[in-house]
**Q** 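The structure under discussion is supplied below as structure tokens; questions concerning it will follow.
Values below: all heavy atoms of this structure, side chains included; hydrogens, waters and symmetry mates excluded.
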Amino acid sequence: MRYDFKQVEKKWQKYWDDNESFKVEIDRTKPKFYALVEFPYPSGQGLHVGHPRSYTALDIVSRAKRMQGYNVLYPMGWDAFGLPTENFAIKNKIHPKTVTENNIKRFKSQLKALGLSFDWSREINTTDPSYYKWTQWIFLQMFKHGLAYKKEMNVNWCTSCKVVLANEEVVNGKCERCHSDVIHKVKSQWMLKITEYAQRLIDDLDDLDFIDRVKIQQKNWIGRSTGASVRFKTTAGSQLEVYTTRPDTLFGATYMVISPEHPIIEQYSDIIKNIDQVLEYRKTAAAKSDFERTELAKEKTGVRLEGIDGINPVNGKQIPIYISDYVLMSYGTGAIMAVPAHDTRDWEFAKKFDLPIIEVVAGGDVQNQAYTDVETGTMVNSGFLNGLSVDEAKKKIIQYLEEKGCGESKVNYKLRDWVFSRQRYWGEPIPIVYCEKCGYVPLPESELPLMLPDVDSYEPTDNGESPLAAMDSFVNTTCPKCSGPAKRETDTMPQWAGSSWYFLRYMDPHNDKELASKEALEYWSPVDWYNGGMEHTTLHLLYSRFWHKFLYDIGVVPTKEPYAKRTSHGMILGENGEKMSKSRGNVINPDDIIEQYGADTMRLYEMFIGDFEKSAPWNTSSIKGCKRFLERVMSLMDILTEGQGYSKELERSFHITIKKVTEDIEALKFNTALASMMTLINEIYDKNSINKTEFKTFITLLCPFAPHICEELWQLAGFEGDMTYAKWPVYDQNKTKLDQVEIAVQIMGKVKGKLTVPVDADESFVLEAAKSNERISSLLEGKQIVKSIYVKGKLLNLVIR
RNA sequence: GCGGCUGUGGCGGAAUUGGCAGACGCGCUAGACUUAGGAUCUAGUGUCAUUGACGUGGGGGUUCAAGUCCCUUCAGCCGCACCA
């Protein structure tokens, strides 16, 4: 039978739409299953071939789960605020709203052409005021709970986007998006206290079914370290506090270093004799971009603070204090004790400035190289610590510091608070008003959503102000508290705001009283399976876990974690094995593939391309294999007989295939699931007939992968009911087994022959059978069997002498 | 530098987790059908050698048995990076 995919696919896409086949409601008679894929940013380029890999995978899971009796929520929406849209709008003089609408239209039709089983009645859009009302509402709750605060601080500033960037958005000192230089600017910014959740964000990973590399990457990003806080007295009287992970090496501290921004410089500006030189160094450091700062990392620079020294609390020794940009103000206390013998950076600095290097952990050659091994080594030159191991010394020194009141154990995190302001137009307005009298005042919830106004120009400004700042009618307002004159916040939220909670909105997308009803949240939470890209591990995934934990704390959501399971797909590369990009000229347009081969073939190919979790190069000629397979599936109609029940020849193969496909879907092994169906169809053609029962099983197994053709065949074969909710086939473990198996006979580990034996034959039986085999017996002639190893159903290995 | 991952035919990739390496697909070779084929079908396809040997980046080890475990080394990819 001919396979007219164009007609078939159109027909069933229309059928699913007309019947709202995938629409779900709360149904307590069924177990629920919430499958989620990262909603796309509707860019002007349209869908990338990478998108369908993730969407098809969870579509397969969703379709299989529906057939297995689950009430499945598989939603889709648009993460539509963001810079590219705004930049396109500026360039082409179209309102970002219009650009967004057009892009969404295109994306939506592309997704529909793939036959994905989304519940479109739950479609959401982060730029819709009825959506961002609740994004703003969550921000207000954070503000009220002290988690959103405004702070004058040194921020990352992209010189091209003209916008502040979060630490997570700076890559190698460049803007993640446009790769322009990132410089530092002191600006007043809205911040979110993600650091308050650092420990819980680490701890709660333990109970989650996330792939390991996601857990590891999040833990590394949060960067917990344990050490001690130590307060050094100074010759100027006051104290200088440092953080160290190696308090055991305190006797080896021969100098101290403060970061260029450290406030002690202001404090002692009249005591520091070379203050001009110090301020000059600070100025130079500030002028460097992040990129230069890391680029120049090899060569240490610094200036000594003349006229002020630190005093080592364990031995009273006076040690010099330096200012250097290898110490960061944003970590720990912005000051360190330097132990050149046991820290590589301190060692380099000490060599350059000719400072003493005192060995306090034996085992290395500290004049030539810092010795940083903590596993072995004994304390030396360390007074009361001498002879102890590093671990013991740590405990003892902390005890000592606590007794003396000049230090204690301390935990530090690399994670910083989240810079939440953006100086751009196309984002959620921050619902805060500034009043001279009352300070920062939250908008009353009744005034939400605070609508993003139409402005004359949404060009970004060089002075670091949002385009909204130029709009007096928006800016000038009255204080909700005292009714006096006040000014609105004009920065907007970052793109990550709307996506930090969107999975909750899908549960109850049209609710105008709450972000979602208690009932819906209770029923659908948590997301059972969330698939998305590794690139979001330390951005969206971490941010949304943070928001969700906050919402849990204030009693809005019922679970402390949003996602029960997280998996990640590999990238689809260009045919040349490089990352697909316009500049490399290796971009494959999904529209072309669907046009030429059809959506089912496209879906199959994207799953068959390789291990789902690994990246794989696109190969247009390989698609043919999937197309041929579907044509062979269609042609099963030609050999279909009226018989019922599994035939003798195929029964075992069917049970094996059902088992394999069922298990592989759960395990993300879509490639081998398909391979097993290909093997089965090859067997069916060898036999050259298939009956009704077998056919039904086959197309049911294939339906999640290639739904259009299977629906068509379901109808052609005259099967009853809606295929979307057809019963998933079950396998019988006993029927996957053979009565007779072929086992390998090895001599000294090399295969020398094959034997067919009953599946549960014992060793002596097999040994006898082997001996009576002509070839084997000739090899055994004159030899003695020293040992025989028998693995049931697999092999017999004889060790001879 | 730190953390993580990968290395298997001409290509994409399988391998029940220590048990017959190369499933499945692409490509290729030969044949059939055909006015024709970039369609379809059939057979073959790791390498070398006429019986057998060698083969999972290299070297070593454990084991009756290693792609899988251990040590070592090389190559590539990704993430973080002066985090004290």
**Q** Return the set of residues passing ring-ring contact (aromatic ring centres under 6.0 Å, His included) with A:Phe670 (not counting sequence neighbours), or none when no residue passes.
**A** A:Phe612
**Q** Could you tell me which residues satisfy salt bridge (Lys or Arg N to Asp or Glu O under 4.0 Å) with A:Asp248, sequence neighbours excluded, listed by chain and number?
**A** A:Arg246
**Q** Using a 4.0 Å heavy-atom cut-off to protein, can you give one letter per nucleotide of nucleotides 11-20 of chain B, 5' to 3': B if the base is in contact, S if only the sugar-phosphate is, - if neither?
**A** -BSSSB--BB
**Q** For residues 570-579 of chain A, pull every pair meeting salt bridge (Lys or Arg N to Asp or Glu O under 4.0 Å), keeping only residues two or more places apart or in separate chains.
**A** A:Glu578-A:Arg584
**Q** B:G25, OP1 or OP2 - any side-chain N/O from A:Asn682 closer than 4.0 Å?
**A** yes
**Q** Do we see a donor-acceptor contact under 3.5 Å between the side chains of A:Asn412 and A:Ser225?
**A** no
**Q** Of all the nucleotides listed (B:A84, B:C64, B:C82), which has the minimum atom distance to the side chain of A:Thr245?
**A** B:A84
**Q** A:Ile258 has an atom CD1; how far is it from atom C1' of B:A84, in whole Å?
**A** 15 Å
**Q** My understanding is that only residues two or more places apart in sequence, or in another chain, count here; which of them pass salt bridge (Lys or Arg N to Asp or Glu O under 4.0 Å) with A:Lys193?
**A** none
**Q** Using Watson-Crick or G-U wobble geometry with both distances below 3.5 Å, tell me the partner of B:G44, or none.
**A** B:C28
**Q** Donor-acceptor pairs are to be reported for all side-chain atoms of residues 784-799 of chain A against protein atoms at under 3.5 Å, with residues two or more places apart or in another chain.
**A**
{"residue": "A:Ser788", "atom": "OG", "partner": "A:Glu763", "partner atom": "OE2", "Å": "2.5"}
{"residue": "A:Tyr790", "atom": "OH", "partner": "A:Ala761", "partner atom": "O", "Å": "2.9"}
{"residue": "A:Asn797", "atom": "OD1", "partner": "A:Gly749", "partner atom": "N", "Å": "3.0"}

**Q** Please list, chain by chain and in numerical order, all residues satisfying salt bridge (Lys or Arg N to Asp or Glu O under 4.0 Å) with A:Glu38, sequence neighbours excluded.
**A** A:Arg566
**Q** Can you tell me the base-pairing partner of B:C64? Count Watson-Crick or G-U wobble geometry only, both distances below 3.5 Å, and say none if there is no partner.
**A** B:G19
**Q** With sequence neighbours excluded, tell me which residues meet salt bridge (Lys or Arg N to Asp or Glu O under 4.0 Å) with A:Glu683.
**A** none
**Q** Could you tell me if A:Lys300 sits above the aromatic ring of A:Tyr326, with its cationic atom closer than 6.0 Å to the ring centre and no more than 45 degrees from the axis?
**A** yes
**Q** Rounded off to whole Å, could you give me the CG-to-C1' distance for the A:Asn220 and B:G4 pair?
**A** 8 Å
**Q** Taking CG from A:Leu630 and P from B:C24, how many angstroms apart are they, rounded to a whole number?
**A** 18 Å
**Q** Please compare A:Cys626 and A:Gln217 by the position of their nearest nucleotide in RNA chain B and report the one closer to 5'.
**A** A:Cys626
**Q** What protein N or O atoms touch nucleotides 38-45 of chain B N or O atoms at under 3.5 angstrom, if any, and at what distances?
**A**
{"residue": "B:C41", "atom": "OP1", "partner": "A:Arg632", "partner atom": "NH1", "Å": "3.3"}

**Q** When both hydrogen-bonding distances must be under 3.5 Å and the geometry is Watson-Crick or G-U wobble, what is B:U56 paired with, if anything?
**A** none
**Q** Given B:G1, is OP1 or OP2 found less than 4.0 Å from the side-chain N or O atoms of A:Thr344?
**A** no
**Q** Mind calculating the distance between CG (A:Asp346) and C1' (B:G1) to the nearest angstrom?
**A** 15 Å
**Q** On a whole-Å scale, what distance lies between the P atoms belonging to B:A36 and B:U47?
**A** 33 Å
**Q** Once you apply the 3.5 Å cut-off to both distances, tell me the Watson-Crick or G-U wobble partner of B:G1, or none.
**A** B:C80
**Q** Tell me, please, which residues at least two apart from A:His655 pass ring-ring contact (aromatic ring centres under 6.0 Å, His included).
**A** A:Tyr646
**Q** Could you write nucleotides 52-57 of chain B as a row of B, S and -, 5' to 3', where a protein heavy atom under 4.0 Å of any base atom gives B, of only sugar-phosphate atoms gives S, and otherwise -?
**A** -SS---
**Q** Which residues pass the ring-ring contact (aromatic ring centres under 6.0 Å, His included) test with A:Tyr605, not counting sequence neighbours?
**A** A:Trp618
